[in-house]
Every structure is written in C-alpha cells, then in structure tokens.
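Notes for the one structure printed next.
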Protein chains: 2
Amino acid sequence: MKIDTPARPRPRGRPREFDELKALDQAMLVFWRLGYEGASVADLTGAMGITAPSLYAAFGSKEGLYRRVLERYQTGPGAYTWTALTEEPTARGAIERVLRESARVFTRRKHPHGCMISTAVLRCAEAHQPVADLVASLRTSAVELFRERIARGIEAGELPPGTDASAMARYHGAILQGMSVQAQDGASEAELLGLVDVAMRAWGGGAGRPRAR
Amino acid sequence: MKIDTPARPRPRGRPREFDELKALDQAMLVFWRLGYEGASVADLTGAMGITAPSLYAAFGSKEGLYRRVLERYQTGPGAYTWTALTEEPTARGAIERVLRESARVFTRRKHPHGCMISTAVLRCAEAHQPVADLVASLRTSAVELFRERIARGIEAGELPPGTDASAMARYHGAILQGMSVQAQDGASEAELLGLVDVAMRAWGGGAGRPRAR
DNA sequence: CGATTTCAATAGTGAGCGTTATGAAAATCG
DNA sequence: CGATTTTCATAACGCTCACTATTGAAATCG
C-alpha cells in the first residue's frame with residue numbers, strides 16, 4: 001500500500017502553495033531583526049514569499065503570526081536552553097552551559113544577533129501592550145526555569161541550604177538578557193564568553209570548569 | 001539696575017509660550033514609556049502641551065527631539081552613574097554604588113521602570129537605524145566608562161594586575177542591562193538588590209559591604 | 001462532467017503616521 | 001503708528017500602516 005501522509009487525507013479544496021513552517025521561519029528572521037513594531041506586513045510577506053491575504057488566511061493577523069513565531073522560536077532556536085537545564089547533572093553545570101551556548105548562538109551569522117525574546121518588545125505603543133505582556137511573561141518564565149533548576153540543586157546538596165534560589169535565578173536571567181543586548185550591539189562570542197567567565201565566579205570556588213585563557 | 005536675563009535681550013518676534021526644558025521632560029517620559037517607534041508625534045505633542053508645528057519649529061523632527069531627550073536624560077535621570085563612578089574612591093565601590101542606585105532608580109514610580117538607554121531601540125525598522133546606532137553607541141560608551149574605572153582600580157592596586165578590565169566592564173554592563181529588562185517586567189527594588197548581591201560576588205572575597213539579610 | 005471548496009492575486013479600504021503649508025496673533029523695531 | 005519677525009493654531013499633506021473585498025484559479029467530491 002502507498003500512504004504518503006498517514007491519517008491525513010488530502011483536504012477538500014485547492015491545496016496551499018507554500019510551506020507553513022518555512023514561511024514561519026522566514027517571518028521569524030524578520031521579527032527577530034526588526035522587532036514586532038518595526039516589522040511591517042509588507043516586510044513579512046516579502047520574506048515569506050506570500051501575499052497579504054494568504055498571511056491573514058493562515059495566521060489571522062500580524063499579532064497571530066508573531067505568537068506562532070514565538071512558539072516556533074522556543075522549540076527551535078531557543079530550545080537549547082531547556083535542553084541544557086534538563087540534561088546537565090548539576091545546577092551550576094546546567095546554567096553555565098546555557099550561558100556558554102548563548103554566547104555562541106547570540107553571535108551566529110545565520111540569524112540576527114541576540115535572543116529573540118530577551119530583548120523583544122520592551123517598550124511599545126499602548127495598542128501592542130498585549131504582545132508586550134506575552135513576551136514579558138516568556139522572560140519571567142525563563143527566570144522561573146532557572147529558579148527551579150537551582151532549587152533542585154539545593155535539594156540535591158550541590159548548594160548551601162540557605163541559598164537564595166530566586167536571587168540566583170534573577171541574576172543569571174539578567175546576565176542572559178545583558179548578553180543579548182551586547183550581542184545586538186556587536187559583541188563577539190569571545191567577548192561574551194569572557195563575560196560568562198566573570199559571571200560564573202558568583203558560584204564561588206574559583207573557575208567553574210578549567211578553561212585555557 | 002534691573003536685569004532679568006543678563007546678555008539675553010528679548011528676541012525679535014513673538015515669544016515662545018512653552019518652556020523648552022519642561023517640554024523636553026514631558027517628551028522624555030513618553031519616549032521612556034513607549035519607546036522611539038511606539039511614541040507617536042500625537043502622543044508627544046499631547047504630553048508636551050504644544051502643537052505639532054511648535055514641536056517641529058523647536059526640535060526639527062521626531063528624531064531631533066529624541067536626540068535632545070537622550071542628552072537631557074544623561075545629564076538628568078541618568079547622571080547618577082557618572083557621579084558614582086567619579087566620586088567613589090574604589091572601582092568596586094563605584095560600580096556597586098551604580099548597581100544599587102540603579103535598583104532604586106529603575107523601580108521609581110515617578111517615571112517608567114528601567115533605564116531609558118539600556119533597553120531602548122534594540123530592534124527597529126530599517127528607517128530608524130541611525131537612531132538605533134546612536135543609542136547602541138551610548139550603551140557601549142557606558143561599558144567603556146566601567147572599563148576605564150576598573151582599569152584605574154587595577155593601576156591603583158585594588159585588583160590583581162592580570163584582571164581583565166574589559167570582561168569585568170562588559171559583565172557589569174550586562175548586569176545593568178538585565179536589571180533594566182527585569183525592572184520593566186515588574187521586578188521590585190528588593191529583588192533587584194538581591195540580584196546585585198549575587199552579582200558582586202564576582203569580585204571575590206565574600207560580601208561586598210556587610211548588609212543585613 | 002458540474003458543483004463545491006479552498007487558495008491566490010489584484011486592488012483597494014480607512015486610519016494613523018510624520019510632517020508641513022497657511023494665516024492669524026503677539027512681540028520688537030523704527 | 002506701521003513694518004517686521006517669530007510663534008501659534010487649524011487644517012491638511014502624501015505616505016505607509018494593518019487589513020480585506022473581489023475575482024478567478026486549482027483542487028476534490030458526487
């Protein structure tokens with residue numbers, strides 16, 4: 001038997017001519033580079049290779065498209081954060097890995113520098129406040145992930161029982177957000193890694209992992 | 001003798017009906033809250049209490065007004081940074097004071113939270129790139145101020161001779177920028193101060209100044 | 001096949017953007 | 001006083017914004 005897409009019979013009418021995921025990836029690059037307010041629908045449709053009516057039929061609105069892009073960012077370019085936090089055996093190792101991988105990812109040339117969420121929609125017109133609130137909640141969620149990982153590290157005895165997990169989480173969140181700002185301002189991977197070296201001193205006990213300097 | 005404005009004879013035509021500095025302060029609050037792109041000329045003229053032609057006669061353009069506002073921010077609400085860096089006797093004390101004062105200033109209720117420059121115009125439409133470049137240069141200048149202060153601290157023997165002043169400066173710049181993001185996202189002064197406590201551990205040697213916890 | 005359904009392209013919609021032309025009002029100068 | 005200069009207020013400028021009505025093309029269904 002020949003089944004090209006299992007449980008997915010060809011839909012009724014004229015088939016869509018563009019790949020929704022590829023279009024989302026192109027839209028992501030535009031939003032990433034220009035920001036939510038700075039990206040016009042014309043910019044988006046141009047990069048996505050579709051017309052405005054197609055965009056609105058598929059995503060509802062510019063805001064709807066942005067929300068879809070944010071979801072895709074989290075499971076795509078931004079997924080390394082969640083991966084590092086769950087894979088590494090210690091809290092310190094997990095967070096250090098997030099920071100060091102961020103130094104590399106934030107300065108890649110295949111996409112705009114910096115994190116798409118850390119430095120997105122900070123100030124905006126009142127009409128776009130719902131979008132700003134959403135992005136802000138994504139940032140606070142990331143800090144909360146840090147806090148949970150550190151709290152588990154405390155329970156595991158990696159850190160002194162009196163450690164302030166919230167303060168530690170906000171601290172590393174700030175480092176990440178600051179790295180994103182500086183990556184956008186032109187900092188290199190090496191410069192960001194040097195910053196991380198300093199940042200990890202807050203964990204005490206000398207250098208985190210021995211690195212050639 | 002009676003001289004109201006010394007060396008400033010009443011100018012020729014109809015006198016201006018608004019105070020330029022007060023208008024700048026009102027414009028500052030609008031740009032601070034909504035960002036450069038998010039603030040419309042209508043928002044600005046409304047807050048400044050003047051009409052659009054008056055704005056253009058006095059400041060040239062929206063961009064010109066923004067540049068004037070940035071200058072005024074640096075000598076006004078943002079001046080504490082320069083003050084702390086020059087007044088404090090040690091590099092560590094100077095930078096710690098910048099961070100602690102920032103925690104307070106970033107959460108004041110008399111103006112929008114966060115720093116007006118640290119988190120301004122990060123992404124924007126290509127038409128506004130000159131503005132983005134200007135603000136980015138202000139950020140890198142701030143980091144450079146940190147670097148110079150730390151370098152002087154090294155020369156003074158406060159820090160080991162091998163200390164990487166650039167990395168230390170970028171680190172504290174990132175802390176400041178991250179604090180600005182979190183202040184905008186709703187962090188309290190106490191939360192930011194807890195963050196600073198952690199950040200200052202990078203200087204080694206236990207707690208910076210003994211604080212009640 | 002004809003009927004139906006969905007998509008794509010053209011061509012626009014009203015609203016808001018930053019900006020400015022116009023003319024009256026308010027000051028100084030001679 | 002009249003002439004000049006500058007500012008103020010009204011009203012609009014052209015343009016771009018996000019968004020959509022319309023129409024025809026391309027697929028499946030019966």
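Throughout, protein chains are lettered first and strands after them, A, B, ... in sequence-line order, and every chain is numbered starting at 1.
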Rounded distance in Å - [atom1] ([X]) to [atom2] ([N]):
{"X": "A:Leu55", "N": "C:dA9", "atom1": "CG", "atom2": "C1'", "answer": "14 Å"}
{"X": "B:Met48", "N": "D:dT7", "atom1": "CE", "atom2": "C1'", "answer": "15 Å"}
{"X": "A:Phe18", "N": "C:dC7", "atom1": "CZ", "atom2": "P", "answer": "9 Å"}
{"X": "A:Asp19", "N": "C:dA8", "atom1": "CG", "atom2": "P", "answer": "12 Å"}
{"X": "B:Glu20", "N": "D:dT7", "atom1": "CD", "atom2": "C1'", "answer": "13 Å"}
{"X": "A:Leu34", "N": "D:dA18", "atom1": "CG", "atom2": "C1'", "answer": "16 Å"}
{"X": "B:Tyr36", "N": "C:dC17", "atom1": "OH", "atom2": "C1'", "answer": "12 Å"}
{"X": "A:Phe59", "N": "C:dC7", "atom1": "CZ", "atom2": "C1'", "answer": "14 Å"}

I'd like to know if [X] and [Y] make a salt bridge, using a cut-off of under 4.0 Å between side-chain N and carboxylate O.
{"X": "A:Glu189", "Y": "A:Arg104", "value": "no"}
{"X": "B:Asp197", "Y": "B:Arg100", "value": "yes"}
{"X": "B:Glu144", "Y": "B:Arg147", "value": "yes"}
{"X": "B:Arg67", "Y": "B:Glu71", "value": "no"}

Collect all protein-nucleotide pairs involving nucleotides 20-25 of chain D in which both atoms are nitrogen or oxygen and the distance is under 3.5 Å.
{"from": "D:dA25", "atom 1": "N3", "to": "A:Arg14", "atom 2": "NH1", "distance (Å)": "3.0"}

What's the closest nucleotide to the side chain of A:Ser61 if the choices are C:dT19, D:dA9, D:dC19?
D:dC19

Nearest heavy-atom pair of [X] and [Y]: which atoms, and what distance?
{"X": "B:Ile175", "Y": "B:Ala199", "result": "CD1-CB, 3.8 Å"}
{"X": "A:Leu34", "Y": "A:Ala39", "result": "CB-N, 3.8 Å"}
{"X": "B:Val135", "Y": "B:Ala120", "result": "CG1-O, 3.7 Å"}
{"X": "B:Ala174", "Y": "A:Leu195", "result": "CB-CD1, 3.9 Å"}

Closest-nucleotide mapping onto DNA chain C: is B:Glu37 or A:Ala57 further toward the 5' terminus? I mean the 5' end.
A:Ala57

Between A:Glu17 and B:Glu63, whichever has its closest DNA chain C nucleotide further toward 5' is A:Glu17

Side-chain N or O of A:Ser54 closer than 4.0 Å to phosphate OP1/OP2 of C:dA8:
yes

Run the numbers on B:His172 and B:Trp203 for ring-ring contact (aromatic ring centres under 6.0 Å, His included), then give the verdict.
CA-CA 11 Å; B:His172 291 98; B:Trp203 289 80; 5.4 Å; yes

Please enumerate all protein N or O atoms sitting under 3.5 Å from an N or O of nucleotides 12-17 of chain D, with distances to 0.1 Å.
none

